K.L.:
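Next up is a structure, given as structure tokens.
Per chain, numbering begins at 1; letters A, B, ... match sequence-line order. Here the structure is a predicted model, which is why all the values come from computation and not from measurement. Computation of the quantities below employed the complete heavy-atom set of this structure, encompassing side-chain atoms and omitting hydrogens, waters and symmetry-equivalent molecules.
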Amino acid sequence: MPELPEVETIARELKPFLEGKRIVKIEIFKPELTVGISPEMLEGKTINRVRRRGKYLILDLSDGSGLLFHLRLTGRLYLNPGPEINPGLLIHTEGNLTLSFHDPRKLGRAYWHPAPDEFLSFLGPEPLAEGFTPQELYRILSERKASVKAVLLDQRNLAGIGNIYADEALFLAGINPRRPASSLSWEEAEKLYQAIREVLAEGIERRGTTLSAYRDAFGRRGENQLSLRVFRRTGKPCPRCGTPIERIKVAGRSSHYCPKCQPI
DNA sequence: CAATCAACCTGGGTGC
DNA sequence: TGCACCCAGGTTGATT
């Protein structure tokens, strides 16, 4: 579920509470959700910074190491959860705060790594970063033979885009998800660049998309599902031309598009 | 190297 | 209401 806007929302919410706080206790209830985390090693360290990279949430610790969370499809991070939550991991900090990580489907992971940026060095550029340009997107696309949708979803090319925002961006840009990435013209790449930035910024503004599982750090739903143009709107009219939205499989994922506005 | 696909798990929605 | 079936916002590792 959580793509860039959802993780960004959680990071922004946690930041004012957790930055500067010392970890006083860590409890692991579901070891299968954790990788490399040893409570004794981490207790006493301070959370220097809360940030996001791609779909990862990072807590930078005072010794340069980091706790990283990937929510995959159904993982959640709650600040001060209620008693009904069944956590896999609890991180208690000074100030009597608790960060809870849980995932009923057990696909999400919490990692500890001595050098978080090294751990995440496989990720492509941040699409919302100042330094990310249409030229760079065009270069990435022109080097790949796979479908443009597959290229957008591959985190090594661009970090943070998932199935929802890929479909939404391709619709805004008027590009068919099955088009080979390298077949896009410079003008199309430029359009796609703007579309990606727009849908991600909108997603953040509306605090993420809640179709089912996603909740923010306070357990609230996002609002972006109300603004989706094509994603999971099969059969409904295209917001631009009224043609029914179609669903097809691309890169193994269901993809939603307008056959008239996004011709092959 | 590139593309495809099954597997990881479980819960929610749908249709009979 | 019960049950079978399909689907899932992601990633990875095996296979072709």
K.L.:
Within the 4.0 Å heavy-atom criterion, would you say A:T210 contacts the bases, only the backbone, or no part of the nucleic acid?
P.N.:
base
K.L.:
Quick check on DNA chain C: between A:Q155 and A:R105, whose nearest nucleotide comes earlier from the 5' end?
P.N.:
A:R105
K.L.:
Classify the side chain of A:R144 versus the base of B:dA2 as yes if they form a donor-acceptor pair under 3.5 Å and no if they do not.
P.N.:
no
K.L.:
Are A:R240 and A:R229 packed together at the side-chain level, in the sense that at least one heavy-atom pair is separated by less than 4.5 angstrom?
P.N.:
no
K.L.:
Can you tell me how far P of B:dT4 sits from CZ of A:R178, to the nearest Å?
P.N.:
10 Å
K.L.:
Report which part of the nucleic acid A:G162 touches: base, sugar-phosphate, or nothing (heavy-atom distance under 4.0 Å, all strands).
P.N.:
sugar-phosphate
K.L.:
What's A:R109 touching, base or sugar-phosphate or nothing? Going by heavy atoms closer than 4.0 Å.
P.N.:
nothing
K.L.:
Can you figure out which of B:dC9, C:dA8, C:dG10 approaches the side chain of A:K55 most closely?
P.N.:
C:dG10
K.L.:
Expressed as a whole number of Å, how far does the P atom of B:dC9 sit from that of C:dC5?
P.N.:
22 Å
K.L.:
Ignoring backbone atoms, establish whether A:H70 has a side-chain N or O less than 4.0 Å from OP1 or OP2 of C:dT11.
P.N.:
yes
K.L.:
I want to check one thing: is the phosphate of B:dG11, taken as OP1 and OP2, less than 4.0 Å away from some side-chain N or O of A:S212?
P.N.:
no
K.L.:
Using atom P in both nucleotides, what's the gap between B:dC5 and C:dC7 to the nearest angstrom?
P.N.:
15 Å
